[in-house]
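When a ligand or atom number is given, it counts from 1 through the structure's own listing order. We use all heavy atoms of the structure for the numbers below, so side chains are in, but hydrogens, waters and symmetry mates are not.
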Amino acid sequence: MTTDTAQAQASADRVLIFDTTLRDGEQCPGATMTFEEKLEVADFLDAMGVDIIEAGFPIASEGDFEAVAAVAKRVKRAVVAGLARAGDNDIDRAGEAVKHAKFPRIHTFLSTSPVHMKWKLQKTPEEVLAMVARSVTRARNLVDDVEWSAEDGTRTEIDFLCKCVETAIKAGATTINLPDTVGYTTPDEYFAMFKTVRERVPNSDKAVFSVHCHNDLGLAVANTLAGVRGGARQIECTINGIGERAGNAALEEVVMAIKTRNDVLPYATGIDATMLSRASKLVAAATNFPVQYNKAIVGRNAFAHESGIHQDGMLKHTQTYEIMTPESVGMGKTSLVMGKHSGRNAFRSKLKELGYELGDNQLEDAFNRFKALADRKKHVYDEDIEALVDEGMAHAHDRMKVVALTVIAGTMGPQSATLTLDIDGKQHTVQSTGNGPVDATFNAIKALVPHEAKLQLYQVSAVTEGTDAQAEVSVRLEEGGRAVTGKGHDTDTLVASARAYLASLNKLMVKRQKIAGAQQAP
Ligand code: KIV
Ligand code: ZN
């Protein structure tokens, strides 16, 4: 899509969806994605109909730059944006990263609120205005499509905000984003801000206005929709609502609110809603960031009816308790069809039904793991298959893998674990004891992979029902103020625990490399 078409599409009722899962989303503690995971997410967003993909913050590290450049080269349909502060180096780096995109965008931002200007920037309003003009002009010399954001826009004095917006548009900004950076605004206030700025700024018709809301008070989606009512025609959001602190407005919630309540929200997006559930699972697996069970639209319980009264109503007529169908967001009903006698073709069509498109190698790998699971587990549910495929995709590039684990547990301690890991293609075995089988297993990992990271969370849940259900284990590790979360699945809780711990360690390694890269950045 060209800038012209983007602007044309942003007319009257069409609202552009700007996804920032790979930038604001990846910024949240513990949600680091590897290079390959970022490409996979970008491909999915593009296929799902996202209009603009913010692929990262190129100046932040070499890894971020490479990821944005690679996303820019492969995305077929969407605009690809790279984020930049107002400095020349940031803008040039962003321009370099997106230059091979079919539709490149530089997104540059600067704080405009009194508290940010005084304490963070230590600049006067006049200096900030001059920086707005300079940064946008520099970005426009590199690309035709430039977005300018007034960081902390909702705590900015309205007269100064109008001046900044007018200056940015005069310098060539084609999109103006007024973010609620700290999640402070309310729907009425946000609506009024857009209305006022659009009415007062003389050249406001030359740009598309954009909303960007954080969820600190749980109002991100409500504020987003209010901003659209106030005239914004671009929505910045993330899959599963991940992002700084309490996160950003969730893409799936915004899209389904517009679709389901089109009577009072008369807008359209280009998103294929039937891909929302898969997008959520893909991002949850890539970031190892769990989706809360009662999360709107994509949570495991979002379409589950438990109480007898609700079930009775649903059996009589689904509309008694359902305002949208699970199928409309791509969430198929749990079914029990796969087992150890199922063949490759059945498995392939099951994957297709669940929304997966795997290459031949990935399919073979997933099929082998499915067979191993079906040998151990009587009923293989859709959730089991999703967990198995997601885990395979999330860990395909890990440097360390669990090869074998034998644990001796019971009333007579100390419990012991014999563990074999594959580390960079070489196998290493160790035996350790501990205060319980989990402790013994984690001690064995520490013996093979010495590290200082602290265990912050160890959580076990079941993927499905029954005593032979797969365990889903989450392990959160913290090192030097940085936290990462890893997940593991297996019918054996201890094997799942070892996988989860190792998944976190693999993530920490990626994070360390990223930080080392950032320290070398200019
Ligand atoms: O929240 C915010 O203000 C941002 C900007 C960089 C757009 O993420
Ligand atoms: Zn943000």
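- Side-chain atoms of Ser204 and Arg198 include no donor-acceptor pair closer than 3.5 Å.
- Seen from the Zn ion (ligand 2), atom OD2 of Asp24 and atom NE2 of His214 lie 100° apart in angle, a value rounded to 10°.
- Residue pairs meeting the salt bridge (charged side-chain N to carboxylate O under 4.0 Å, His left out) criterion with at least one partner in residues 209-221, sequence neighbours excluded, are Asp216-Arg245.
- Of the inter-residue distances, the one linking Ile235 atom CD1 with Thr20 atom OG1 reads 14.0 Å to the nearest 0.5 angstrom.
- Residues satisfying the salt bridge (Lys or Arg N to Asp or Glu O under 4.0 Å) criterion with Glu478, sequence neighbours excluded, are absent altogether.
- Considering only residues two or more places apart in sequence or on other chains, Lys120 meets the salt bridge (Lys or Arg N to Asp or Glu O under 4.0 Å) condition with Glu151.
- How far CZ of Phe109 is from OG of Ser135: 10.5 Å, rounded to the nearest 0.5 Å.
- Listed as neighbours of ligand 1 are Arg23, Asp24, His107, Phe109, Ser149, Glu151, Asn177, Pro179, Thr181, His212, His214, each bearing a heavy atom under 4.0 Å from the ligand.
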